[in-house]
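The model shown is predicted, which means the values in this text are computed figures rather than measured ones.
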Amino acid sequence: MIKFDEFNEVCRKSIEMIEAAGLFLTPQDKERITAADFGLSNIKEEGVQILTMFQTDRIAGKILVLLPYQTEPEHWHPTVGEDAGKEEVIRAISGDLYFYIPGEDTMKQGFIVEGKESCYTMRNEVIMQPGDQLVLPAGTKHWFQAGEKGAVMYSFSTTVTDLLDQFTDPDIVRETVIEQTPNDEY
């Protein structure tokens, strides 16, 4: 669960980072940005901010934002019915971005969230600079993290089935719950 004020804060900072990266956002875009805390109630450490630019029955385009040192937890996009699972292409736009995928342990820049060693099993580090791209075939276990500057990236994918993603951390709940008080205003 994330508090309403914290949700607004991370979304506002993410909008600032997107615009600082040189991307134009309409007022409607700014209203659509959202944040996922994965039910961990610690969004600045484990979470991601998401702006869905478009989504059809077959493809989707998003802007993903990680605040400085924020980590999106390890997950994979499973087969769903007859669909092989979401295939995704990540393209770095700005900041410090570290991706972790299957392969040899080459981790040097990033870090494992404290107390979560068993939840971050992929240690093959891919350091992404602006303009770099990474293709993630369906079912590929991965996680990613920002360095000191945070990170802004595009995510282009086949059909979005994010609420069906699987996570290594058994405590994760994919749907974000925002705690509001009577004084909170959108």
Side-chain angles (χ1 to χ4, degrees), residues 2 6-7 9-23 33-51 53 61-78 85-157 162 165-172 174 176:
I2 181 173
E6 191 172 27
F7 175 85
E9 176 190 352
V10 299
C11 289
R12 180 186 49 74
K13 285 181 179 177
S14 295
I15 289 167
E16 290 170 3
M17 290 173 65
I18 292 168
E19 291 180 328
L23 302 178
I33 197 162
T34 190
D37 78 338
F38 303 99
L40 300 172
S41 302
N42 191 11
I43 193 159
K44 291 177 184 173
E45 190 169 322
E46 289 181 291
V48 65
Q49 291 66 242
I50 306 161
L51 173 59
M53 297 179 297
K62 298 178 180 182
I63 298 172
L64 305 179
V65 179
L66 293 176
L67 302 175
Y69 304 110
Q70 190 178 34
T71 303
E72 177 161 344
E74 185 172 279
H75 65 284
W76 61 98
H77 310 292
K86 182 171 98 172
E87 184 175 8
E88 187 171 25
V89 177
I90 299 294
R91 185 173 178 95
I93 300 171
S94 68
D96 304 315
L97 179 59
Y98 315 125
F99 249 83
Y100 299 91
I101 58 175
E104 180 183 339
D105 183 343
T106 58
M107 181 181 245
K108 288 187 173 58
Q109 295 295 317
F111 60 91
I112 302 296
V113 175
E114 187 175 336
K116 299 272 188 116
E117 291 78 13
S118 65
C119 300
Y120 291 93
T121 62
M122 300 297 102
R123 307 284 172 88
N124 185 353
E125 184 174 74
V126 178
I127 299 171
M128 297 185 68
Q129 302 296 323
D132 288 349
Q133 142 157 343
L134 181 65
V135 176
L136 298 166
T140 302
K141 194 179 277 192
H142 62 283
W143 60 280
F144 46 102
Q145 185 175 75
E148 179 180 7
K149 298 175 189 173
V152 177
M153 69 204 90
Y154 288 118
S155 165
F156 300 108
S157 70
D162 292 348
D165 286 353
Q166 301 293 302
F167 292 85
T168 306
D169 185 340
D171 294 331
I172 286 182
R174 179 56 182 93
T176 298

Side chain to side chain contact (heavy atoms under 4.5 Å, CB included) partners for [X], two or more places apart:
| X | result |
| --- | --- |
| Glu148 | Tyr69, Asp96 |
| Thr168 | Glu74, Trp76, Thr121, Lys141 |
| Pro130 | none |
| Ser94 | Ala21, Val152 |

Rounded to the nearest 0.5 Å, what's the gap from [atom1] on [X] to [atom2] on [Y]? Could you check?
| X | Y | atom1 | atom2 | result |
| --- | --- | --- | --- | --- |
| Asp165 | Phe38 | CG | CZ | 8.0 Å |
| Ile2 | Cys11 | CD1 | SG | 7.5 Å |
| Gln166 | His75 | CD | NE2 | 11.0 Å |
| Leu23 | Ile63 | CG | CD1 | 5.0 Å |
| Glu72 | Ile50 | CD | CD1 | 6.5 Å |

Shortest non-hydrogen contact between [X] and [Y], atoms and distance:
| X | Y | value |
| --- | --- | --- |
| Asp169 | Asp171 | OD1-N, 2.8 Å |
| Leu51 | Ile33 | CD1-N, 4.0 Å |
| Ala36 | Thr176 | CA-OG1, 3.1 Å |
| Val135 | Pro137 | O-CD, 3.4 Å |
| Val65 | Val48 | O-CG2, 3.6 Å |
| Leu66 | Met17 | O-CE, 3.3 Å |

Sequence-distant partners of [X], side chain to side chain donor-acceptor pair (under 3.5 Å), two or more places apart:
| X | result |
| --- | --- |
| Thr140 | none |
| Arg174 | none |
| Gln49 | Ser14, Gln70 |
| Arg91 | Gln133 |

Restricting to ring pair (Phe, Tyr, Trp, His ring centres under 6.0 Å), what partner residues turn up for Tyr120, sequence neighbours left out?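 Tyr120 satisfies ring pair (Phe, Tyr, Trp, His ring centres under 6.0 Å) with Trp143 once adjacent residues are dropped.
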Set of residues satisfying ring pair (Phe, Tyr, Trp, His ring centres under 6.0 Å) with respect to Phe156, sequence neighbours excluded: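 Partners of Phe156 by the ring pair (Phe, Tyr, Trp, His ring centres under 6.0 Å) criterion, ordered by chain and then number, come out as Tyr154.
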When Glu6 is tested against each of Ile43, Asn42, Asp37 for side-chain contact (heavy atoms from CB on, under 4.5 Å), which residue passes?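 Considering Ile43, Asn42, Asp37, a side-chain contact (heavy atoms from CB on, under 4.5 Å) with Glu6 is found only for Ile43.
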Phe144 and His142 aromatic ring geometry - parallel, tilted or perpendicular at 30°/60° bounds: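 Judged by the thresholds at 30° and 60°, the geometry between His142 and Phe144 is parallel.
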Going by atom types only, do Gln145 and Thr71 share a side-chain donor-acceptor pair under 3.5 Å?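 Indeed, the side chains of Gln145 and Thr71 share at least one donor-acceptor pair under 3.5 Å.
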Got a list of side-chain donor-acceptor pairs under 3.5 Å for residues 103-111, not counting sequence neighbours?
from, atom 1, to, atom 2, distance (Å)
Asp105, OD1, Met107, N, 3.2
Thr106, OG1, Asn124, OD1, 3.3
Thr106, OG1, Glu125, N, 2.8

Does any pair with a residue in residues 40-51 pass salt bridge (charged side-chain N to carboxylate O under 4.0 Å, His left out), and if so which ones, sequence neighbours excluded?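 Output for this query lists Glu9-Lys44, Glu46-Lys116.
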